[in-house]
Amino acid sequence: MSFPSACCNTPPVVANYTTKGEYGKLGDYDCYFAGKKGSKRGLFVNYDVFGYHPNVLQLCDILGSLGFYVLLPDLLRGVPLTMADLGKPQVLEEFMRTAGSWETSKGAYAQGLEHLRNSGATSAGIIGFCWGGRHVVTALEKLDGLVGGAIVHPAMVNSDDFGKVRAPLMALPSKDEDLQMYKSGFEELKTKPFGAQCRLESFEDMTHGFCGARGDWADPVVAKRANNAIQFLVTFFDGLMAN
């Protein structure tokens, strides 16, 4: 038995990182682009509430180095939340009504996916971290033409979301998410025509945010587990975009 190529070829994350991609514009959104434009495999990435953190930029560069063309739009338009905001329920509620709502972001999703296809992608998938995971399950319900989506230590996903998605889903919950809900939800996903392509991998040794802005990648244990998560992402989308 051989190791999956993702395990052998995925570059490891590092703590001190210099970005390799490019910044640009897509409509009125600032964006980060990674990988080679023209790739047949496109990925739209939704960062967590902390915006353009070096960890998510590095993750996009790694995916880009493995043959994906990656688009990371600045959905929060340069005004991310802060750690202090997380202790203020009223701030979070306002965020979900305004800058963090699907209504605010859905245009960027449509525009971004169109850009990926116009750039040569014949297959397009989506990845969301934390709050971005909420958007991914909504997109898999409402948008057509996606090969699938992945949610990493997702937030605000509910038990009734699983029955609504219309394309393969992978979830990578941490110990801070409701693992039993995900297990039940993926049992429901198994009944769908694409159920065999769905995947649940739990990171019960990691806290919420380990693969995003709150991940201390100077800690070798956290860095290793972040790399494991990236390998799962690569394997998942490789399988969906094989043809």
Side-chain angles (χ1 to χ4, degrees), residues 1 3-8 10 13 41 43-49 55-56 59-60 62-63 66 68 70 102 123-143 146-215 221-242:
M1 180 181 293
F3 286 97
S5 61
C7 294
C8 301
T10 303
V13 300
R41 304 186 301 163
L43 290 173
F44 180 107
V45 178
N46 193 144
Y47 53 38
D48 61 26
V49 297
N55 287 1
V56 72
L59 184 144
C60 289
I62 290 173
L63 294 173
L66 295 171
F68 298 95
V70 185
W102 172 250
S123 299
I126 49 179
I127 302 172
F129 300 83
C130 179
W131 147 80
R134 169 66 264 168
H135 277 2
V136 165
V137 295
T138 302
L140 292 181
E141 173 193 354
K142 297 183 178 295
L143 302 183
L146 292 164
V147 299
I151 54 179
V152 186
H153 39 73
M156 292 165 283
V157 175
N158 304 309
S159 58
D160 59 354
D161 289 319
F162 299 98
K164 299 175 184 177
V165 302
R166 298 187 292 124
L169 174 69
M170 181 170 73
L172 306 179
S174 74
K175 69 179 184 179
D176 295 317
E177 281 76 64
D178 184 350
L179 182 56
Q180 187 54 53
M181 182 193 73
Y182 282 95
K183 288 180 177 179
S184 298
F186 272 74
E187 286 300 314
E188 183 174 3
L189 287 174
K190 287 180 182 179
T191 67
K192 293 180 176 286
F194 52 82
Q197 296 172 292
C198 295
R199 186 168 184 179
L200 173 64
E201 298 287 350
S202 61
F203 286 74
E204 296 176 72
D205 56 335
M206 289 287 109
T207 58
H208 179 83
F210 77 96
C211 208
R214 285 193 275 188
V221 175
V222 178
K224 179 180 178 180
R225 295 299 274 150
N227 217 60
N228 292 153
I230 296 170
Q231 290 165 355
F232 284 135
L233 292 172
V234 172
T235 300
F236 178 67
F237 285 108
D238 272 349
L240 297 178
M241 299 179 180

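The structure presented is a predicted model; accordingly, all values stated were derived computationally and were not measured.
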Rounded to the nearest 0.5 Å, how far does [atom2] of [Y] lie from [atom1] of [X]?
X	Y	atom1	atom2	answer
F162	T191	CZ	OG1	12.5 Å
S174	H208	OG	NE2	6.5 Å
F210	L172	CZ	CG	6.5 Å
L43	L233	CG	CG	8.5 Å

If you compare all heavy atoms of [X] against all heavy atoms of [Y], which two are closest, and at what distance to 0.1 Å?
X	Y	result
L179	P173	CD1-CG, 4.1 Å
V165	V137	CG1-O, 3.9 Å
N228	F203	CB-CE2, 4.0 Å

Pairs satisfying salt bridge (Lys or Arg N to Asp or Glu O under 4.0 Å), at least one member in residues 199-208, at least two apart: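 Every pair satisfying salt bridge (Lys or Arg N to Asp or Glu O under 4.0 Å) with a residue in residues 199-208: R199-E201, D205-R225.
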
Sequence neighbours excluded - salt bridge (Lys or Arg N to Asp or Glu O under 4.0 Å) pairs with any residue from residues 182-192: E187-K190

Qualifying side-chain hydrogen bond (donor to acceptor under 3.5 Å, both in side chains) pairs, either residue in residues 127-137, two or more places apart: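 Pairs touching residues 127-137 that pass the test: S105-H135, R134-T138, R134-D161.
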
Considering only heavy atoms from C-beta outward, does the side chain of [X] approach that of [Y] to under 4.5 Å?
X	Y	value
P168	L189	no
V234	I62	no
F129	V45	yes

Reference residue I127; test side-chain contact (heavy atoms from CB on, under 4.5 Å); the match among F236, F237, F44: F237

Please set out all donor-acceptor pairs under 3.5 angstrom arising from side-chain atoms of residues 149-159, sequence neighbours excluded.
unit_1	atom_1	unit_2	atom_2	d
H153	NE2	C211	N	3.1

Residues in side chain to side chain donor-acceptor pair (under 3.5 Å) contact with N46, at least two apart in sequence or another chain: Y109

Residues that Q197 engages under side chain to side chain donor-acceptor pair (under 3.5 Å), provided they are two or more places apart: none

R41 (side chain) donor-acceptor with A242 (main chain) under 3.5 angstrom: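 No.
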
Residues that F68 engages under ring pair (Phe, Tyr, Trp, His ring centres under 6.0 Å), provided they are two or more places apart: none

Suppose we screen for side-chain contact (heavy atoms from CB on, under 4.5 Å). Which residues come up paired with [X], at least two apart in sequence or across chains?
X	result
A213	D48, F50, H53
K164	E141, D160
S184	Q180

